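Working notes, beginning with the structure itself.
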Amino acid sequence: MPPSIHPVDLIASLRQKHLTPAIVFLTSRRACDEAMESFDHADIVLPPVRQDAIAAALERVIAQYPSVADHPLIPTVQRIGVAAHHAGHLPSWKIAIEELMRQGCLDAVFATTTLAAGVDFPARTVVITQSSIRKSRDFTDLTIGEVQQIAGRAGRRGKDQVGFAVVTPSPYIDLGVLTKGFTGHPESIDSQFTISYPMVLNLLKAHPHEQIHAILAKSFAQFQLNQRAELLERKLDALHVQMEPFGPRVCTDWVSQWQTFDQVRRQRPQRHQVRRHESPELSARFHFMTPGRVVGLARGRGIVLRQYRSKGQKNPMISVLRLDGAVTECPASNVGDIFDRVFECDETPAFPWCSAASFDELSYQLTELPARLPTLPIMVPKDSEVLPDAIVQSLGDFPCPSCPSRPACQKDFATALRLRQEQHRHTKSIQALRASLWHRFQERVEVLQKFGYLSPSAHLTDEGEWARLIRIDHSLLITELIRAEAFTGADPALLTGVMASITHDDDRPGSFPRISSGLSSLLGQVRKLAESLSPYEDPPLLRADVAALAERWIADPTLTWIGLCRLTTMAEGDIYRLLARTLEFLSQIHTLRATHPGLAETASRAIALIRRGVLEELP
Amino acid sequence: MTSDELEQLLVQQPVAVLHRLARGRVHRHFRAGKRRLIELILQHSSQNLAGLESDVLALIAERQSHPQPPQPPARPASRAVVAPPRRTAPRSGEQETTEAAVSLAAWLEGIGVPAPQPFVPDPWQEDALAALDETDVVVSVPTGSGKTYVAVEAAKRAIAHNQTVIYTSPLKALSNTKYTEFSRIFGIDKVGILTGDRQENGQAPLLIMTTEILRNLLYDAASGEIDIRLDTLGLVILDESQYIADPERGVVWEETIIFCPSQAKLLLLSASIGNPQDIADWLTSIRPTTCRLVRHSKRTVPLRAGYLHPNGKLVPLFKTATIPSGHAGHLHPEAKRLFFEYEEETLPSGRPRR
């Protein structure tokens, strides 16, 4: 059996059951294109009437968007009445397909699930072939909301009595995810509030620092945090009720009193043992003297074979294999160095404490050791639990032993302490929930103060006044670049190249035109700066190849869109999106005309140069 | 229907219906008894009784069109004398599973184009529009229910009052589609579109833009560079507002809503989400008026799910023709068998363990 149904058969069976028009959601753009190609050898041809209808509809779209006219897929679409619709296509082509679909000229459209939200046309049927979706690098299962969003495209109001969602298996399918998605209740959504640098600057421009707290409190994020905090507060109230029987007794804070008393009581008898036993340093080191460990003794090195504690000895003991092949016993305190080297050791319960093969191997290893070995750094834990002597000695001063409420205290202590700790924990988390947004805001403020966009009193400096106008991703990098005067004397092509490499966040490989030396040295500078800013802002990918593509489009005004696409293996739609995003970034830079007239002028020239051909068709 | 009448209606319903109503409305509804359940449902939907009412009526209609299988004969009353047979419970379960699954013909029935009929707005659409006269509105309905109708009607009313309307969508591509669509409805001179670097007909009463652009406008207004048109702004429509949960861009929706001028009404259109009440409560807490939530989960065009085997065989996916809400396990036996067969053949190690 084939792993999944052949596209031609799929369309044929949909047509046969009158389930067309349909949207077929496939895993990838490539799957969509391959599905289209598979029709090349099929001899299904639409009746001439419908072919003419498609041609007529396309005619109308072409009148508005001329770039659709010479699209290579037009003959295929006309012949078979099926099209592909994904992010690799130009927006104008997608509009054309949507228009055809809306007028009922097409029988099916192959689309990718990634853009299910961007597909703005319904059909009688949707075909689902996968249960996961590509989200930033890897595949995750569709959520219930997403399945319903996809299935929701089925059934056109006024044109269908019923809509159909058809599942067809492919290697990427988990039926459980889909059935759950069809029948389930959509997930709750959570706020994804993040605080960006431009947000901080713009907030502080319009409102004094003291008011920001109130503004942040109006966010959905804080609303949801408050909901959680209220839940905790309710728990806290319940705890208060539970704590009631453990109120003040003979002493007001009997829990703390008893806690100290109890701790002291436990520690006192131990004090003698502590003195008799090894020092904390030795016990920390002894922990590392495991079988197979290389240790340094007064006379040469050895390998530990076993560790033990003997009644007759004050110190813990180890058995050591020496260089001459002898097995000796020595107190752990005699060990000078513990080296950072452990060998495999097959332990046995009797002399020589390891198997014969392992013994030979270890003896050999011991002779082969290099002259210098790194020693193991060993942290000696501070025994913080120990109370100062004064308190321990003063056990007699505690009123507890003779207190009338001693039995009650002793009995209730465990419960009361647990409740009190829980109370502390909840109080702390409530504080954290209420204040976390504010803390995140303060962190950003500190960074901006460090870079000089904000004064120590959290007012905008001159730099901050213009930097707040850059409201895009990687804003800190861009404003720092402008401050470092990286763009002085740069021509529009260079500026566009750098902006394109900052906007592009896709790591799909491809082949691209060569980069000019001016741009590559500028990009080197940008990379260095981005790296130094990485503690404060995630650095962009900064791909040189993408920069070269954008640079070429600006530098050579005679270059046609087809010519540009030939320079690279990137899909048409991706190039369009790259240039459109670059345009957005450039227009943000253009807003700095008051403070950086030269740069804004370069940006506006770049904008004028980008906007030609296909890029001029859509607003 | 008043709330008392609605309560009466709810009292007459079997508990199963109440539980279905409570799903998504009441947390841990299965713990509540009938009386408490009704109380909780009413309390939850006190802002949106009409929505609740439409859901109740839909459920009742659904139950009437699918009559329950005959109840198993009543157990002998002599329970005290003879211990009830232990197998009763499993047997009734079995009866449910052996209930005849829907046939393909029945599943495909009704396919085709409905007779053209004059457009009549759904009750929820009327409801949303009526509420919008006074308050902000959050609409959460399934995809394809006609959210655009609400947006268009609301915009028409605001424009009639000489107010400016801003419509935002999450994607540039969607903005473009809406621009074309609205130009057709309102006339080309009444609709403008704003993008990062270009304005077309920026003085028109209905402006389309992406949410980011609106956010930037609001920031500029807040910092003193007042755009005069914000004073006449009467309505802001945020389409696809479930994007508020988008990890990268969700924050833009929050900023937009926080800084939206208080004289302008907000209309949030969203696909079905789990907690629209939270969004509505949030808006109520930060906006001058109480926000009204309009939600329903019934699709205008009913949806059926099918399974198409790679060999071209089409079978219904579920035992019932419609999608059994809340019962992911009620698969059509034939679909189950075919899919199992498929997994056996395509996966070398058989069914993957999950």
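All figures in this text were calculated on a predicted structure; none of them were measured in a lab.
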Given that the side chain runs from C-beta out, which part of B/R249 has a heavy atom under 4.5 Å from chain A: side chain, backbone, both or neither?
-> neither
Whatever's closer than 4.5 Å to a heavy atom in chain A on B/D246 counts as backbone
With respect to chain B, which residue among A/S13, A/S219, A/A154 yields the maximal number of heavy-atom pairs within a distance under 4.5 Å?
-> A/S219
Closest non-hydrogen contact found for B/Y307 with A/P169 is OH-CG, 3.3 Å
All pairs passing salt bridge (Lys or Arg N to Asp or Glu O under 4.0 Å) where residues 296-312 of chain B contributes a residue, at least two apart | none
Residue part contacting chain A, namely of B/S175, when any heavy atom lies under 4.5 Å = neither
Proximal component of B/T300, with respect to chain A [non-hydrogen, under 4.5 Å] | side chain
Heavy-atom contact with chain A under 4.5 Å, split by part of B/I244 = both
Could you look at B/K313 and say if it's the side chain, the backbone, both or neither that has a heavy atom under 4.5 Å from chain A?
-> neither
Tell me, do B/N275 and A/I189 make a side-chain contact under 4.5 Å, heavy atoms counted?
-> yes
Check for a donor-acceptor pair, side chain of B/T143 on one end and backbone N or O of A/R153 on the other, with a separation under 3.5 Å.
-> no
Under 4.5 Å to a heavy atom of chain A? For B/I257 that would be neither
Between the main-chain N or O of B/S145 and the side-chain N or O of A/R157, is there a donor-acceptor pair closer than 3.5 Å?
-> yes
Is chain A contacted by the side chain of B/L194, its backbone, both, or neither, given a heavy-atom distance below 4.5 Å?
-> neither
What salt bridge (Lys or Arg N to Asp or Glu O under 4.0 Å) pairs are there with at least one residue in residues 3-16 of chain A, not counting sequence neighbours?
-> A/R15-A/D107
Between A/E584, A/E187, A/Q222, the one whose heavy-atom pairs under 4.5 Å with chain B are most numerous | A/E187
A/H207 vs B/F259 aromatic rings, parallel, tilted or perpendicular, using cut-offs 30° and 60°?
-> parallel
Contact leader toward chain B among A/G181, A/G176, A/S191, where contacts are heavy-atom pairs under 4.5 Å | A/S191
For chain B, which of A/S170, A/A151, A/A12, A/S196 has the most heavy-atom pairs under 4.5 Å?
-> A/S170
